[in-house]
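Working notes for the structure below.
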Protein chains: 2
Amino acid sequence: MTEQHEAPGGVSGRALQKDIPQATVARLATYLRVLAMLADDGVAIVSSEELAVAAGVNSAKLRKDLSFLGPNGVRGVGYDVAKLRARIEDVLGLSQGHRVVLVGAGNLGRALVGYGGFRRRGFTVVGILDSDPEVIGMPVAGLVVRDVAELPAAVAELEPTIAVITVPDDAAQDVCDRLVASGLQSILSFAPCELVAPATVEVRRVDLAVEMQMLSFERMRNAEQAPLPEVAHAGSGRIAHRLPTSHTAPAHPALQHATTPHTTTSHTATEPSSKGSVVTP
Amino acid sequence: MTEQHEAPGGVSGRALQKDIPQATVARLATYLRVLAMLADDGVAIVSSEELAVAAGVNSAKLRKDLSFLGPNGVRGVGYDVAKLRARIEDVLGLSQGHRVVLVGAGNLGRALVGYGGFRRRGFTVVGILDSDPEVIGMPVAGLVVRDVAELPAAVAELEPTIAVITVPDDAAQDVCDRLVASGLQSILSFAPCELVAPATVEVRRVDLAVEMQMLSFERMRNAEQAPLPEVAHAGSGRIAHRLPTSHTAPAHPALQHATTPHTTTSHTATEPSSKGSVVTP
DNA sequence: AACTGTGAAAACTTTCACAGCA
DNA sequence: TGCTGTGAAAGTTTTCACAGTT
């Protein structure tokens with residue numbers, strides 16, 4: 001119904017976004033990660049089979065996913081790693097990078113500012129805010145924590161495209177409202193509550209406890225089928241369990257990672273501490 | 001295949017787990033959160049409509065989801081909050097609580113130990129380990145960081161049911177292997193790489209960057225349709241946008257949260273800093 | 001020969017709409 | 001009357017299998 005004009009010279013992502021299934025979008029992000037890894041290792045061409053294995057999906061699904069972006073590969077050959085990567089970034093709207101503003105300088109907020117996985121994937125944290133006078137003015141990973149009251153000014157000045165909410169539960173809706181009022185259109189919240197926002201604003205929520213609960217469920221289900229596998233419960237097991245990672249195509253050394261046997265991954269993947277799990281004391 | 005005996009007096013979750021769809025399991029965790037909120041507010045009975053709205057799904061879906069757990073409500077009346085809650089916890093295997101061991105005492109690891117949302121939902125962090133000599137021995141939220149080398153001993157002693165990996169990318173597989181060798185069956189990883197583990201071990205991965213990338217995609221899609229909504233980009237917008245949160249059934253005060261208009265939530269929801277976004281200095 | 005791109009089938013999820021119960 | 005529980009319809013996602021290209 002909202003059949004607006006097609007914006008001839010506007011966005012770069014061509015005209016296909018419209019029909020890309022949600023599920024596919026989530027996986028595109030995963031493919032991007034694998035492609036980055038391959039590129040780092042100097043791999044120039046991948047087949048759908050190799051890429052699929054490395055991403056933990058089957059190759060038909062991967063090809064179908066990519067087909068939504070138009071033709072990307074060469075039949076009989078495979079996909080050009082660099083080209084495919086650029087194409088996916090373009091479609092996901094990542095080509096120009098994103099400026100991220102973080103509200104909530106608690107433990108989680110600080111973990112995220114320092115989080116190298118963001119910068120590496122084109123997300124730059126440009127500002128961090130909090131409401132606690134104790135915290136305002138303190139430096140966090142090269143940024144100074146500003147007062148949430150300054151939010152409109154900060155937004156005008158920093159021009160973020162994405163906001164991340166890491167404040168407690170009961171402050172989340174208020175922060176969300178302020179972000180919306182300041183003109184932000186994309187919000188990622190870590191607060192365990194639904195947030196109300198106008199339909200034009202995209203809000204996503206990440207709930208760590210749900211992941212744990214799903215794990216709990218799977219374990220219960222498994223426990224039901226196999227009485228008790230009698231696990232090695234003590235001792236000094238070093239590395240153990242180097243599984244037989246052998247598929248038909250040994251492929252490039254970069255594809256070592258591959259062959260997820262049971263991983264139920266739904267979407268994202270974080271990169272915790274930046275280099276060596278060092279606690280900055 | 002693997003048609004073992006049914007363990008007569010073992011688990012409490014009845015015999016239904018088997019056929020509960022994945023998508024339903026993810027939502028059960030959400031319902032649980034809402035039910036806890038209602039219980040806190042003294043609500044004793046909810047209708048599917050109220051609960052659904054508060055959880056951000058439609059009521060038919062909610063009823064279908066609950067129907068997989070057997071009859072839970074009373075026709076013409078609704079669901080008993082306490083009873084339903086207990087039933088879901090039982091099915092998800094949460095009734096006995098979970099003991100969680102955390103590997104990686106970096107920023108993210110520390111954010112999670114302190115994270116009240118876990119304890120409140122039945123997950124107790126019983127141990128935290130790292131490989132960095134700088135960090136080993138330091139206290140974190142009431143626990144002392146132990147050496148990963150001690151992992152088998154720590155596992156034998158603490159008897160965790162779930163492990164969380166918050167170490168960097170390149171250490172993740174090694175840690176995973178050690179956890180498996182120590183007998184852990186459920187692993188939640190924040191490292192942005194696929195982990196290889198035996199099929200009997202359940203591994204889930206959370207990737208924060210994927211969530212951001214999905215946000216990015218949605219924004220691009222929206223931007224394409226609406227030329228430019230001309231957002232209020234500066235000024236001093238205070239709280240603004242108190243949306244018209246009016247549905248037909250005003251219901252209990254506890255149901256304020258409700259009415260998510262566009263939230264694309266897929267699963268979990270975190271609760272960042274424990275009380276007031278205070279940075280423990 | 002090798003590998004992509006894709007229609008068509010199968011599987012899964014959501015929504016509808018109403019029978020059945022308090 | 002009011003609300004749950006559920007079969008059957010509609011919609012979405014995954015998988016299959018093969019035609020098409022280099």
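Chain letters run A, B, ... following the sequence lines, proteins first and then strands; every chain starts at 1.
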Looking at [X], I'd like to know whether one of its side-chain N or O atoms comes within less than 4.0 Å of OP1 or OP2 on [N].
X: B:Arg27; N: C:dT13; answer: no
X: B:Ser48; N: D:dT4; answer: yes
X: B:Tyr79; N: D:dG2; answer: no

Determine whether the side chains of [X] and [Y] contain a donor N or O and an acceptor N or O closer than 3.5 Å.
X: A:Ser59; Y: A:Glu49; answer: yes
X: A:Ser48; Y: A:Arg63; answer: yes
X: B:Glu218; Y: B:Asn222; answer: no

Quiz item: When the nearest nucleotide of DNA chain D is assigned to A:Asn58 and to A:Val77 on a heavy-atom basis, which residue is associated with the more 5' position?
Solution: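 With A:Asn58 and A:Val77 compared, the 5'-side residue is A:Asn58.
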Quiz prompt | Residue whose nearest DNA chain D nucleotide is more 5′ - A:Ala23 or A:Val74 | solution = A:Ala23
If you check the [X] side chain, which of [options] turns out closest?
X: B:Gln22; options: D:dT14, C:dT6, C:dT13; result: C:dT13
X: B:Pro71; options: D:dG5, D:dT15, D:dC3; result: D:dG5
X: B:Arg63; options: C:dG5, C:dT13, D:dT4; result: D:dT4
X: A:Lys61; options: C:dT13, C:dG5, D:dT14; result: D:dT14
X: B:Ser47; options: D:dC3, C:dT14, D:dT15; result: D:dC3

Quiz item: Which heavy-atom pair separates A:Leu184 from A:Val201 by the least distance, and what is that distance?
Solution: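 The pair with the smallest heavy-atom distance is O-CG2, 3.9 Å.
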Quiz item: Does the D:dT22 base have a donor-acceptor partner in the side chain of A:Arg75 within less than 3.5 Å?
Solution: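 Check fails, no donor-acceptor contact within cut-off.
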Quiz item: When rounded to the nearest 0.5 angstrom, what is the spacing between CZ in B:Arg205 and SG in B:Cys193?
Solution: 7.5 Å
Within this structure, what is the [atom1]-to-[atom2] distance between [X] and [N], rounded to whole angstrom?
X: B:Arg87; N: D:dT4; atom1: CZ; atom2: P; value: 17 Å
X: B:Lys64; N: C:dA17; atom1: NZ; atom2: P; value: 14 Å
X: B:Leu62; N: D:dG5; atom1: CG; atom2: C1'; value: 12 Å
X: B:Leu69; N: D:dT6; atom1: CG; atom2: C1'; value: 14 Å
X: A:Asn72; N: C:dT6; atom1: CG; atom2: C1'; value: 14 Å
X: A:Asp65; N: D:dT15; atom1: CG; atom2: P; value: 10 Å
X: A:Ile45; N: C:dC3; atom1: CD1; atom2: P; value: 12 Å
X: B:Leu51; N: D:dG2; atom1: CG; atom2: P; value: 20 Å

Exercise. Flag the pair B:Met214 / A:Arg204 as yes when at least one side-chain heavy-atom distance between them is below 4.5 Å, and no otherwise.
Key: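 Side chain of B:Met214 against side chain of A:Arg204, heavy atoms only: contact under 4.5 Å found.
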Exercise. Would you kindly compare A:Gly78 and B:Thr24 by the position of their nearest DNA chain C nucleotide and give the one closer to the 5′ end?
Key: A:Gly78
Quiz item: Angle, rounded to 10°, between the helical axes spanning five pairs at each terminus of the helix from C:dA1-D:dT22 to C:dA22-D:dT1?
Solution: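 That helix gives 0° between its end axes.
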Exercise. Return yes if some donor-acceptor pair links the side-chain N/O of B:Asp41 with the main-chain N/O of B:Val43 below 3.5 Å, else return no.
Key: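 No, because the side chain of B:Asp41 does not come within donor-acceptor range (under 3.5 Å) of the backbone of B:Val43.
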Without placing hydrogens or testing angles, list every side-chain donor-acceptor pair under 3.5 Å for residues 68-82 of chain B, not counting sequence neighbours.
unit_1  : atom_1 : unit_2  : atom_2 : d
B:Asn72 : ND2    : B:Leu66 : O      : 3.2
B:Asn72 : ND2    : B:Gly70 : O      : 2.6
B:Asp80 : OD1    : B:Ala82 : N      : 3.0
B:Asp80 : OD1    : B:Lys83 : N      : 2.9

